[in-house]
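Below is one structure, written out as structure tokens, with a few remarks after it.
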Amino acid sequence: DNSVFIAGGSNGSRSLSSTEKYMTLTGCFNRTGDMLRSRHLHTANQLPASSDLVALAGGLSGTSTLNVADLFNPFTGNTSSVTMSVGRYI
């Protein structure tokens, strides 16, 4: 649908859990829900086997390093989580 998915980040004082899609055709942002936890300095990758799921891995929540990856569906807002063996951030 030519949209760009934006998840989490920081507003300068705290980690964010919000997600949005930027609609390139209209130039508008649409809220798509919240992640299970706030995070910044994480990775977000669309899974090749499913165009609906985005893997949100690691990052920081506040000052805590996350060892959790969330599989997020930006179309439905549904999330499932898996625990990684080591916490990490970029």
Side-chain angles (χ1 to χ4, degrees):
D1 66 356
N2 291 329
S3 62
V4 178
F5 179 64
I6 302 166
S10 173
N11 67 2
S13 62
R14 64 181 180 87
S15 300
L16 303 174
S17 62
S18 60
T19 65
E20 300 179 75
K21 284 175 68 176
Y22 175 71
M23 309 304 290
T24 57
L25 297 176
T26 63
C28 296
F29 287 92
N30 295 327
R31 287 287 307 258
T32 56
D34 288 331
M35 299 181 289
L36 295 177
R37 58 197 52 79
S38 61
R39 62 176 74 215
H40 68 280
L41 297 176
H42 59 285
T43 63
N45 299 287
Q46 185 174 0
L47 298 181
S50 169
S51 62
D52 291 346
L53 294 179
V54 177
L56 304 161
L60 296 174
S61 184
T63 58
S64 299
T65 304
L66 296 173
N67 68 335
V68 177
D70 292 332
L71 301 177
F72 185 79
N73 185 323
F75 298 101
T76 65
N78 293 333
T79 306
S80 59
S81 296
V82 293
T83 302
M84 301 184 299
S85 58
V86 178
R88 64 195 77 211
Y89 62 93
I90 53 174

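All values below come from the heavy atoms of this structure, side chains included, with hydrogens, waters and symmetry mates left out.
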Got a list of side-chain donor-acceptor pairs under 3.5 Å for residues 30-40, not counting sequence neighbours?
unit_1, atom_1, unit_2, atom_2, d
R31, NH2, D34, OD1, 2.7
T32, OG1, T19, O, 3.4
T32, OG1, T19, OG1, 2.5
R37, NH1, D70, OD1, 2.7
R37, NH1, D70, OD2, 2.9
S38, OG, S61, OG, 3.0
R39, NH1, L56, O, 3.1
R39, NH1, G58, O, 2.7
R39, NH1, V68, O, 3.4
R39, NH2, D70, OD2, 2.9
H40, ND1, S15, OG, 2.6
H40, ND1, L60, O, 3.4

task: Would you mind listing every ring-ring contact (aromatic ring centres under 6.0 Å, His included) that reaches into residues 55-90, with sequence neighbours excluded?
output: F5-F72
- request: Locate the shortest heavy-atom distance separating G9 from H42; write the atom from each residue and the value.
  value: N-CE1, 4.0 Å
- prompt: How many angstroms lie between CG in N2 and NZ in K21, if you round to the nearest 0.5 Å?
  reply: 10.5 Å
query: Out of curiosity, D52 CG to L71 CG, how far, rounded to the nearest 0.5 Å?
result: 12.5 Å
message: Using a 4.5 Å cut-off between side-chain heavy atoms of Ile, Leu, Val, Met, Phe, Trp and Tyr, which other residues end up in the same hydrophobic cluster as V4?
response: I6, Y22, F29
query: If you round to the nearest 0.5 Å, how far is OG1 of T43 from CD1 of I90?
result: 6.5 Å
query: Does any non-hydrogen side-chain atom of S80 lie less than 4.5 Å from one of V82?
result: no
- prompt: Looking just at side-chain N and O atoms, do N67 and T65 make a donor-acceptor pair shorter than 3.5 Å?
  reply: no
